[in-house]
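In what follows, chains carry the letters A, B, and so on, assigned in the order in which the sequence lines appear, proteins first and then strands, with residues in each chain numbered from 1.
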Protein chains: 2
Amino acid sequence: MKRRKGRHAKTESRKRDIVQAALRCFSEIGFSETSMEDIRRQSGASTGSIYHHFNGKERLAAAVYLEGIHDYQAGLIEVFQEDQDAREGLRSLVERHLRWVEENVQWSRYLFQKRHSGFMAETEELIAAMNRDLMEHASRWFSRHIKEGKIRRVQGDLYMSLTLGPCMEFTRQFLLGQTVTGVGKAIDVLADAAWMSLAAGARREKPGRTFGR
Amino acid sequence: MKRRKGRHAKTESRKRDIVQAALRCFSEIGFSETSMEDIRRQSGASTGSIYHHFNGKERLAAAVYLEGIHDYQAGLIEVFQEDQDAREGLRSLVERHLRWVEENVQWSRYLFQKRHSGFMAETEELIAAMNRDLMEHASRWFSRHIKEGKIRRVQGDLYMSLTLGPCMEFTRQFLLGQTVTGVGKAIDVLADAAWMSLAAGARREKPGRTFGR
DNA sequence: GCTATATTAGAATAATATTCTAATATGAAG
DNA sequence: CTTCATATTAGAATATTATTCTAATATAGC
């Protein structure tokens, strides 16, 4: 009779150690600059172990990326599920983003400063799925507020750019240590800006077209 | 008597070939995925030649980055030097950015999708200088329009985020082939958004603080 | 044409990623 | 609590790729 496949008890903690070590290395000295030897030393795992759990440097990098982006996106999705008015919602999104960055500088450095190079050939579909999920939540949220006449209609692929684009740009500067403005203050200004650029009824020439369409 | 040092005639064209080949490789398959052998083959240069002109993979990558960012920033600086009113100026910035991306997809992929990993230890100061230069032009431009009461005061490190942040985000999606909206339409909407988020006198709670201070 | 220097070629070397083989640990079944 | 299938680990062997080195060749100025 076939035995059941079973994961060993310590396997998850070992994987965590490896991911942690990889994240440290990647975010501090960069992907191509860190050697498997670095990761091996920092994680305490053996070469064989690393290659057993992940499949190589690229797959490991992809796993690290996935874990981080998942946690980040989860925060945004929570906001989309809350029942706030448009302006408060936009502010929450901005706030979530910047607070997450502030509290997860290492992840942020890896996720936002350095874009996935191409080492996710395998993982591409997973990432795409995660993005689709996020976008669905976003779409519903924006549609609702458009219907209520609070948020103006523009092309669907522009909403996230308008909401989080300035935050992303600020984030990059922040991670490079090139900002003076504190995160709290930045939240105020950027939330305000998002609102002004998306609020319905502001002066402007031509209205855009629908989101859900 | 000492001979003058002299560059050979074909040296520049050879360097160009190498940079071109590197750009193609880096933007198509990524920095760490391309081997020096790839670049050697595509450029037609020999290993020795590549290492003579640049100093290794990282320095080559830095050179490629510098060339691209210089051309990109030059376009923005031109706009800052033109004498347009605030709204038109913001629109020109957005337009310059997106048109440049559209016409330089390969460079854009390298510059914007993949952030400089860390391979510019040497070049860091040069990049910083280029950024300072751009920022000075930006600073003057914004200050002028703030004085004229057309653009509102916010923290100095937020102006570029508000102006080009949404463009940058749109750019990333565009480069991933995840946009439907055409560049022309995007320019309209994003220019409008930049204006609305930066125009003086819009409804908002508290004013920010000065740029030039 | 001569000479110092820049440039090139490609082999030799060094660094690093990956694979492989064998050992050890673990958990489920009996 | 023993056994066995499988998961996990270790680390040496190998393969790949970046870099260095040596010697040849081309070029510019005299």
Side-chain angles (χ1 to χ4, degrees), chain A residues 1-26 28-64 117-123, chain B residues 1-26 28-64 117-123:
Chain A
M1 193 164 294
K2 289 241 173 95
R3 295 290 164 88
R4 264 204 296 125
K5 283 191 181 186
R7 300 188 99 50
H8 289 187
K10 279 187 271 187
T11 180
E12 281 309 317
S13 93
R14 163 72 22 124
K15 283 176 81 167
R16 254 199 306 285
D17 290 346
I18 295 171
V19 167
Q20 265 319 106
L23 172 60
R24 252 202 312 285
C25 293
F26 291 159
E28 277 166 22
I29 62 180
F31 173 74
S32 68
E33 286 85 353
T34 86
S35 66
M36 293 304 267
E37 174 62 16
D38 291 336
I39 295 169
R40 195 188 59 66
R41 223 170 324 113
Q42 288 224 15
S43 65
S46 70
T47 308
S49 191
I50 297 175
Y51 276 83
H52 171 73
H53 289 299
F54 304 91
N55 237 317
K57 206 178 166 189
E58 303 202 340
R59 296 286 197 83
L60 175 53
V64 174
S117 289
F119 34 70
M120 7 274 273
E122 289 291 318
T123 333
Chain B
M1 193 163 294
K2 290 239 174 96
R3 294 289 165 89
R4 269 205 292 126
K5 282 191 181 186
R7 301 187 97 50
H8 289 188
K10 278 187 273 187
T11 181
E12 282 309 318
S13 93
R14 163 74 20 127
K15 283 176 81 167
R16 255 198 306 284
D17 290 346
I18 296 171
V19 167
Q20 265 319 107
L23 172 60
R24 251 202 313 283
C25 293
F26 291 160
E28 277 166 22
I29 62 180
F31 173 75
S32 68
E33 286 86 351
T34 87
S35 66
M36 293 305 267
E37 173 63 16
D38 290 336
I39 295 170
R40 195 188 60 65
R41 221 166 330 109
Q42 288 224 16
S43 65
S46 70
T47 308
S49 191
I50 297 175
Y51 276 83
H52 171 74
H53 288 298
F54 305 90
N55 237 318
K57 208 178 166 187
E58 302 202 339
R59 295 286 197 83
L60 174 54
V64 175
S117 288
F119 34 70
M120 7 274 273
E122 289 291 318
T123 331

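- Residues D38(B) and C25(B) approach most closely at CB-SG, 4.1 Å, considering heavy atoms.
- Just one residue in the list V64(A), L23(A), I50(A) forms a side-chain contact (heavy atoms from CB on, under 4.5 Å) with I18(A), and that residue is I50(A).
- Looking at heavy atoms from C-beta onward, E33(B) lies out of side-chain contact with F26(B) at the 4.5 angstrom threshold.
- The line from OG1 of T34(B) to CD of E28(B) is 10.5 Å long, rounded to the nearest 0.5 Å.
- A pairwise comparison of heavy atoms in Q42(B) and A21(B) identifies CB-CB, 3.8 Å as the closest pair.
- Put simply, the side chain of S49(A) never gets that close to the backbone of A45(A): no donor and acceptor are under 3.5 Å apart.
- Taking a 4.0 Å limit (strictly below) on heavy-atom distances, residues 10-23 of chain A reaches DNA chain D at T11(A), R14(A).
- Of the residues in residues 51-60 of chain A, those placing a heavy atom less than 4.0 Å from an atom of DNA chain D are H52(A), H53(A), in numerical order.
- Residues E37(B) and T47(B) are not in side-chain contact: their nearest non-hydrogen atoms beyond the backbone lie 4.5 Å or more apart.
- The interatomic distance linking H8(A) (NE2) with dA28(C) (C1') rounds to 10 Å, in whole Å.
- Minimum interatomic distance between F54(A) and K15(A) (heavy atoms only, all atoms of both residues): CZ-O, 4.0 Å.
- Rounded to a whole Å, the CD atom of E33(B) is 11 Å from the P atom of dT17(D).
- Across G56(A) and M36(A), no two heavy atoms sit closer than the pair C-CE, 4.2 Å.
- Listed by residue number, the members of residues 37-48 of chain B with any heavy atom below 4.0 angstrom from DNA chain C are A45(B), S46(B), T47(B), G48(B).
- Toward the 5′ end of DNA chain C lies the nearest nucleotide of S49(B), the other residue of the pair M36(A) and S49(B) mapping further downstream.
- S43(B) contributes a side-chain N or O that, together with a main-chain N or O of I39(B), makes up a donor-acceptor pair within less than 3.5 Å.
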